[in-house]
Participant: 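I have a structure I would like to understand better, so I am pasting it below and will then ask my questions one at a time.
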Amino acid sequence: SIRRASATMPAGWRRLSALLLGAAPCHAGDAFGAFLAWATDRGATFGVKFELGVDEKTGLRGILTSDKVASGTTLFELPSAIVLTSDVAERDCVACQSCSAAVAGSGGTGESRFLAPIHSALAMFILEQRALGSKWQPWVAALPEAIPAFPMTYSAEDLEGLQASPLRRVIEMEQDSCLQDFKTSQEFMPQLTLEEYQWARMMVKSRVFGLKSLSGGAMEKEVIAMVPLADFINHPLDGVATANVAPAYDAKTGVFRVTATADIPAKAGVYWDYGFKSNRHSLMRYGFVSKQRIALTDMPFMFKLTDFPGPPSSSKKMKLDFVTKAKKDGLLVAEEDGTVLHELSLSLAGPAADKLLGHARFMVLQLKNATLLEELCPGTVCGPISLSNERQALQHLDSLVEALSTAYSTSVAEDAALVDEGKVTPADGARWQTLVVRYGEKQVLRGFRRLLQAMDPHFDLNPWALARIVAERWNNTESDIHRYVQETVTTLLEAESLKWARRKVRDDRSKAQGAA
């Protein structure tokens, strides 16, 4: 389930050092009732009655309405005093302040020692607030005891389920980052265990809100916050339930409001769409995946930018030097071996696709003048250069995608059988999650290769033939793939044809002069 609050979860997730927190565990129902009373005392208002339970329709544990709710009804309003922003957490967190004081006392630059400063501050704050009598203790006591099979706590065996997926490396980097932040936190919370810190970080990651997107355009800067009660609302289970509420944030008053967008029957679950676009994102952020969203998968994509195709050349040396300079100037993020991280989906336009294509162009680029790199490829990301470079870039990108596709240890058909025949189910936790993710990735990789290969024949056409095919096949201006053919390929082909025509005129003149 999503954002679980089951009292049957392992007690170890809630066990904190009595010396550190002094908190006694309480039953989920008692904790939720105490939390609602606390929220009311702090100014929360409720348009309907709630209870915490399992929705019979979805099997998810979360907020249930006690009575019927009509569309348009305000379910609840929370004042700013119950909206826990990261700034408030950092200000009121004793350990955070001790860390900041230590940095200042050592003559530091003032930059946080944490790799994830916002999530770390919120995590340390809720750990402190579990102490009996703490200001936010009733809310913290009502939080789930665990989120089973969350990537942050995947074991090595769990990660094996991803096979060759680049997401495996992303998860490992996040785990390493969390471990480093735990060690920093432990300096100021000596009794803290890794298990406790991971619990707090999972609570933060799976429950924070970005208030800017909920403010209706009223906020210029993003504000990250945890919002008690709103964080108990589940995402609807695909194919079973639909969103029936929507959140909103009033930037002027600081009030967080949840309103019904559909009629809600009595004893039904309350749901709002979290807005994730793929299983990869829902897994990393919330700890769940959906069979119905396999087709919407996007994925991380990694390769070594410095693995230039072809034999050694002066051009390669110039590009290696340019990569080093771009990293030094902060224009390129790459690992020591030149590995870069990209986003891959069935797209040829947009920031992610532009960066991916730009690096592919850079890798195959041949040039004699290093000064041209600054003009053509700022920060190692090249715009469209020439017809031949574009074709080579797409071909090289196809080879990179092919290499990853063949590195998985199971086929698309084998994964499909596991999913469709119920051989692996959501009850299998990480095994199910990793299966769904890698199955979707393989489909994206296969689809992207087909897309790249469909582009290749167009580079052999003349402008008139291409214009005819564009009118017949690539005429949808709403599609970024169609626009890539309409704009990028067409422009490069016309430029190449013009160069050919000019060259032909010069050659003809030279022949005529020679004959004379």
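Count residues from 1 along the sequence. Below, each value reflects all heavy atoms present in this structure, side chains not excepted, and no hydrogens, waters or symmetry copies.
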Participant: Would you compute the distance between atom CD of Glu414 and atom CG of Leu435 and round it to the nearest 0.5 angstrom?
Facilitator: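 It is 11.5 Å, given to the nearest 0.5 Å.
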
Participant: For residues 446-455, tabulate all N or O donor-acceptor pairs below 3.5 Å that involve a side-chain atom, not counting sequence neighbours.
Facilitator:
{"from": "Arg449", "atom 1": "NE", "to": "Asp398", "atom 2": "OD1", "distance (Å)": "2.7"}
{"from": "Arg449", "atom 1": "NH2", "to": "Asp398", "atom 2": "OD2", "distance (Å)": "3.3"}

Participant: Take the angle between the ring planes of Tyr197 and Phe182 and call it parallel below 30°, perpendicular above 60°, tilted in between.
Facilitator: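 Tilted.
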
Participant: Only one of Glu174, Glu441, Glu160 forms a salt bridge (Lys or Arg N to Asp or Glu O under 4.0 Å) with Arg168, so which one is it?
Facilitator: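 By the salt bridge (Lys or Arg N to Asp or Glu O under 4.0 Å) criterion, Arg168 pairs with just one of Glu174, Glu441, Glu160: Glu160.
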
Participant: Scan side-chain atoms only and decide if Thr184 and Asp181 contain a donor-acceptor pair under the 3.5 Å cut-off.
Facilitator: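 No - no donor-acceptor pair under 3.5 Å links their side chains.
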
Participant: Okay, side chain of Lys442, backbone of Thr410: is any donor-acceptor separation there less than 3.5 Å?
Facilitator: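 At least one qualifying donor-acceptor pair exists.
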
Participant: Are Arg130 and Glu196 within salt-bridge range, i.e. N to O under 4.0 Å?
Facilitator: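 No, this pair does not count.
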
Participant: Between atom OG1 of Thr259 and atom CZ of Phe76, what is the distance when rounded to the nearest 0.5 Å?
Facilitator: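 Reported to 0.5 Å precision, the distance equals 9.0 Å.
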
Participant: Quick one: pull up CG in Asn475 and CD1 in Ile469 and give me the separation to the nearest 0.5 Å.
Facilitator: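 Atom-to-atom, Asn475:CG and Ile469:CD1 are 12.5 Å apart.
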
Participant: Do Asp428 side-chain atoms and Thr425 backbone N/O form a donor-acceptor pair below 3.5 Å?
Facilitator: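 Yes.
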
Participant: So Met299 and Leu445, do their side chains get closer than 4.5 Å, heavy atoms only?
Facilitator: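 In contact.
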
Participant: Any side-chain heavy atom of Leu122 within less than 4.5 Å of one from Met203?
Facilitator: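 SC-SC contact between Leu122 and Met203 ruled out.
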
Participant: Do the side chains of Met363 and Gln392 get nearer than 4.5 Å, heavy atoms only?
Facilitator: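 No, their side chains stay 4.5 Å or more apart.
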
Participant: Would you call the rings of Phe308 and Phe362 parallel, tilted or perpendicular if under 30° counts as parallel and over 60° as perpendicular?
Facilitator: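 Judged by the thresholds at 30° and 60°, the geometry between Phe308 and Phe362 is perpendicular.
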
Participant: Taking the six-membered ring where the residue is Trp, are the ring centres of His281 and Phe276 under 6.0 Å apart?
Facilitator: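 No - the distance between ring centres of His281 and Phe276 does not fall below the 6.0 Å cut-off.
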
Participant: Take Phe50 and Phe232 through the ring-ring contact (aromatic ring centres under 6.0 Å, His included) test and state the conclusion after the steps.
Facilitator: CA-CA 11 Å; Phe50 298 106; Phe232 282 93; over 10 Å; no

Participant: Verify the ring-centre separation between Tyr249 and Phe209: is it less than 6.0 angstrom?
Facilitator: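 That pair fails the under 6.0 Å test.
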
Participant: Within a reach of under 6.0 Å around CD of Glu472, are more than 12 heavy atoms found that belong to other residues, nucleotides or ligands?
Facilitator: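 Enclosed: over 12 neighbouring heavy atoms sit under 6.0 Å from CD of Glu472.
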
Participant: Look up atom SG in Cys382 and atom CG in Asp354, then write down how far apart they are to the nearest 0.5 Å.
Facilitator: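 It comes to 12.5 Å.
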
Participant: Taking the basic N atoms (NZ, or NE/NH1/NH2) and the acidic carboxylate oxygens, is any pair closer than 4.0 Å for Asp420 and Lys291?
Facilitator: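 Result for this pair is yes, salt bridge flagged.
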
Participant: So, does Glu51 use its side chain to make a donor-acceptor pair with the main chain of Leu64 at under 3.5 Å?
Facilitator: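 A pair under 3.5 Å: no.
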
Participant: Is a donor on one side and an acceptor on the other found under 3.5 Å between the side chain of Trp199 and the backbone of Pro144?
Facilitator: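 Indeed, once roles are kept as given, a pair shorter than 3.5 Å links the two residues.
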
Participant: Are any of the side-chain nitrogens in Arg280 or Glu343 under 4.0 Å away from the carboxylate oxygens of its partner?
Facilitator: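 Salt bridge between Arg280 and Glu343, a charged N being under 4.0 Å from a carboxylate O: yes.
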
Participant: So, Ser120 side chain and Pro117 main chain: donor-acceptor pair closer than 3.5 Å or not?
Facilitator: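 A pair under 3.5 Å: no.
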
Participant: So, Ser290 and Gln292: side-chain donor and acceptor under 3.5 Å apart, yes or no?
Facilitator: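 Judged by distance alone, the side chains do pair up.
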
Participant: Can you check ring-ring contact (aromatic ring centres under 6.0 Å, His included) on His119 and Phe114, steps first, answer last?
Facilitator: CA-CA 9 Å; His119 283 209; Phe114 294 99; over 10 Å; no

Participant: Carefully, step by step, assess Thr339 and Arg169 under the rule side chain to side chain contact (heavy atoms under 4.5 Å, CB included).
Facilitator: CA-CA 11 Å; Thr339 297; Arg169 176 61 180 140; over 6 Å; no

Participant: Could you check whether any side-chain heavy atom of Leu344 comes within less than 4.5 Å of a side-chain heavy atom of Pro166, counting everything from C-beta outward?
Facilitator: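 Not touching, per the 4.5 Å side-chain cut-off.
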
Participant: Decide if atom CD of Glu222 counts as having more than 12 heavy atoms of other residues, nucleotides or ligands within a radius under 6.0 Å.
Facilitator: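 More than 12 within 6.0 Å, yes.
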
Participant: Could you check whether the rings of Trp136 and Trp139 sit parallel, tilted or perpendicular, using 30° and 60° as the cut-offs?
Facilitator: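 The rings of Trp136 and Trp139 stand perpendicular, inter-plane angle above 60°.
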
Participant: Just to verify, which of Thr261, Thr58, Thr242 counts as forming a side chain to side chain donor-acceptor pair (under 3.5 Å) with Tyr271?
Facilitator: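 Running side chain to side chain donor-acceptor pair (under 3.5 Å) over Thr261, Thr58, Thr242 with Tyr271 returns exactly one hit, Thr58.
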
Participant: Do the side chains of Glu335 and Lys304 get close enough for a salt bridge, i.e. N-O under 4.0 angstrom?
Facilitator: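 Judged by the 4.0 Å cut-off on N to carboxylate O distance, Glu335 and Lys304 do not form a salt bridge.
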
